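Beneath this line is the structure, given in structure tokens, with notes to follow.
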Protein chains: 2
Amino acid sequence: MVEPKDRIGNGGQAALVQLQAYLAQLDLPEDGRLPPERELCESLGVSRGDLRKALDVLEKDGHIWRHVGKGTFVGSGPIEETIGISEIARQTNPADVMRARLIIEPEIAREAALHATLADIAAMRQSLVQTREAATWRQYENIDNLLHRQIAQASRNNVLLGLFDVLNAVRRTVVWGRLRSEGARPPADHHSFADHERIVDAIADRDLAGASTAMRLHLQQVGRRLIPLHEAAE
Amino acid sequence: MVEPKDRIGNGGQAALVQLQAYLAQLDLPEDGRLPPERELCESLGVSRGDLRKALDVLEKDGHIWRHVGKGTFVGSGPIEETIGISEIARQTNPADVMRARLIIEPEIAREAALHATLADIAAMRQSLVQTREAATWRQYENIDNLLHRQIAQASRNNVLLGLFDVLNAVRRTVVWGRLRSEGARPPADHHSFADHERIVDAIADRDLAGASTAMRLHLQQVGRRLIPLHEAAE
DNA sequence: ATATCGAACCAATCAGGAAATTGGTTATGG
DNA sequence: CCATAACCAATTTCCTGATTGGTTCGATAT
């Protein structure tokens with residue numbers, strides 16, 4: 001008496017063996033998709049019913065997942081291929097974004113201090129000069145964005161860089177529409193100038209703790225300038 | 001004598017004023033898109049040429065951005081609405097993913113200790129029980145995933161939750177294909193059981209530093225088990 | 001001559017739908 | 001019991017037409 005959970009006929013059992021052998025010798029096409037059932041059952045020389053029984057076993061064990069219209073894939077389940085930025089942005093607020101920045105960016109700066117190349121540092125220094133030369137707030141913000149991203153890039157960790165890009169996109173969406181006073185340009189004694197230089201200097205000096213601290217202090221300054229705008233609106 | 005940079009006729013100058021007034025009174029349709037030029041120039045009563053000159057000025061100042069076939073939008077530039085998980089995964093490796101986890105998840109656990117509701121903690125406790133009951137590694141991993149996500153959810157910061165989801169999707173893509181020995185189940189003395197309990201206990205005790213440290217130690221344990229698999233393959 | 005406006009045209013993008021593909025199900029026949 | 005075929009619904013693919021910012025041309029006015 002076979003256990004009731006995998007009541008599978010002899011044909012299905014044989015197909016399962018063939019299928020497992022096939023999967024072992026197969027080089028997967030990058031997305032883990034395998035041929036449609038109608039092709040697969042023919043190339044394996046088994047009936048579609050038996051093939052499906054074998055696939056049922058593999059699916060229940062979590063080795064593959066299937067979806068009608070899409071196909072059959074190896075893996076534990078359908079992973080979200082894309083994340084919607086606006087979807088995240090819609091469910092949050094500037095304070096949470098700032099909190100997330102305070103958590104992530106100092107650590108990114110620390111990694112940058114450890115892994116930055118000389119070319120990375122040179123690029124940051126150039127951005128530092130450009131921020132001071134910015135003629136409008138808009139230009140300044142663009143270069144400021146670039147500088148922060150250069151730091152993330154210098155971490156030489158593409159996962160951190162990707163997370164930074166997501167966070168940045170969310171931030172830009174959340175604060176969308178907030179325009180600074182037009183025509184004006186950042187004052188020469190804007191705190192960010194000195195903040196940025198401290199961060200880059202620490203990275204260039206390979207001062208891990210200093211880079212992290214400088215970034216944290218910088219973001220806290222930015223946060224302090226951000227909150228009053230909200231309180232004033234109430 | 002007008003400055004040479006904005007050589008714009010009188011008609012264009014007038015159109016610019018009208019356009020700015022129009023933008024000021026407009027409630028933007030959620031995505032910042034404004035009517036096509038052919039409609040806008042007619043509703044403003046200016047020629048399309050003048051309208052385009054005015055739009056050129058706004059675009060150079062960074063107030064709007066345009067793309068043929070898409071339209072004209074307010075904002076500093078086209079923000080990436082979606083980010084591709086597999087794109088990040090293709091440019092990275094398990095070590096970078098682990099490093100990113102070590103940076104982010106302890107801080108998420110700290111936030112969770114600060115913001116978790118009693119319902120959050122109860123859900124975690126239930127997951128703790130289920131991890132011990134898991135009959136296969138696959139089931140265990142699913143519940144383990146759920147527990148870590150519950151912690152991220154308990155941070156009550158949807159940005160952190162979104163970043164966690166991105167990181168998790170990348171991780172699942174990067175380690176794709178690595179299968180544990182089948183049939184086996186996690187041993188009763190698996191380190192993660194105690195690790196998880198320490199994390200949840202610290203969160204329940206509102207012990208911020210404890211939650212962060214427990215999560216960091218847990219991930220370092222996981223990392224130590226991960227690396228040997230790579231060295232053994234060489 | 002010069003400038004400006006309207007119209008037409010261009011290439012990139014989007015919108016909609018028909019046709020093909022695919023996992024899931026049912027019927028038929030041996 | 002099972003292999004085969006036909007059918008179903010979800011999804012993708014492909015194509016055509018419309019839309020849109022960018023450009024050019026000719027008429028007209030100043």
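Letters A, B, ... mirror the listed sequences (proteins, then strands); counts begin at 1. The structure presented is a predicted model; accordingly, all values stated were derived computationally and were not measured.
Taking the side chain of B:K70 as heavy atoms from C-beta on, and the options C:dT13, C:dC5, D:dG22, the nearest nucleotide is C:dT13. In the set D:dT11, C:dG23, C:dG6, the nucleotide with an atom closest to the side chain of B:S47 is C:dG6. Comparing D:dA3, C:dT4, D:dT20 by their nearest atom to the side chain of B:R38 picks out D:dT20. Distances from the side chain of B:H67 to the nucleotides C:dT4, C:dG24, C:dA12 place C:dA12 closest.
Contact of A:R48 with C:dG24 (side chain to base): a donor-acceptor pair of N or O atoms is detected under 3.5 Å.
For the pair A:L51 CG and C:dG24 C1', the interatomic distance rounds to 13 Å; values are reported in whole Å. The separation between B:E37 atom CD and C:dC5 atom P is 14 Å, rounded to whole Å. Going from atom CZ of B:R66 over to atom C1' of C:dA11 covers 16 Å, rounded to whole Å.
Heavy-atom distances to DNA chain D give each of A:G69 and A:R33 a nearest nucleotide, and the one nearer the 5′ end belongs to A:G69.
Side chains of A:N93 and A:R99: no donor on one and acceptor on the other come within 3.5 Å. No side-chain donor from either of A:D195 and A:S192 sits under 3.5 Å from a side-chain acceptor of the other. Residues A:E37 and A:T72 have side chains that never bring a donor and an acceptor to within less than 3.5 angstrom of each other. Looking at B:D144 and B:H196, their side chains do bring a donor and an acceptor atom within 3.5 Å of each other.
Note on B:G49: nothing from the nucleic acid sits closer than 4.0 angstrom, heavy atoms only.
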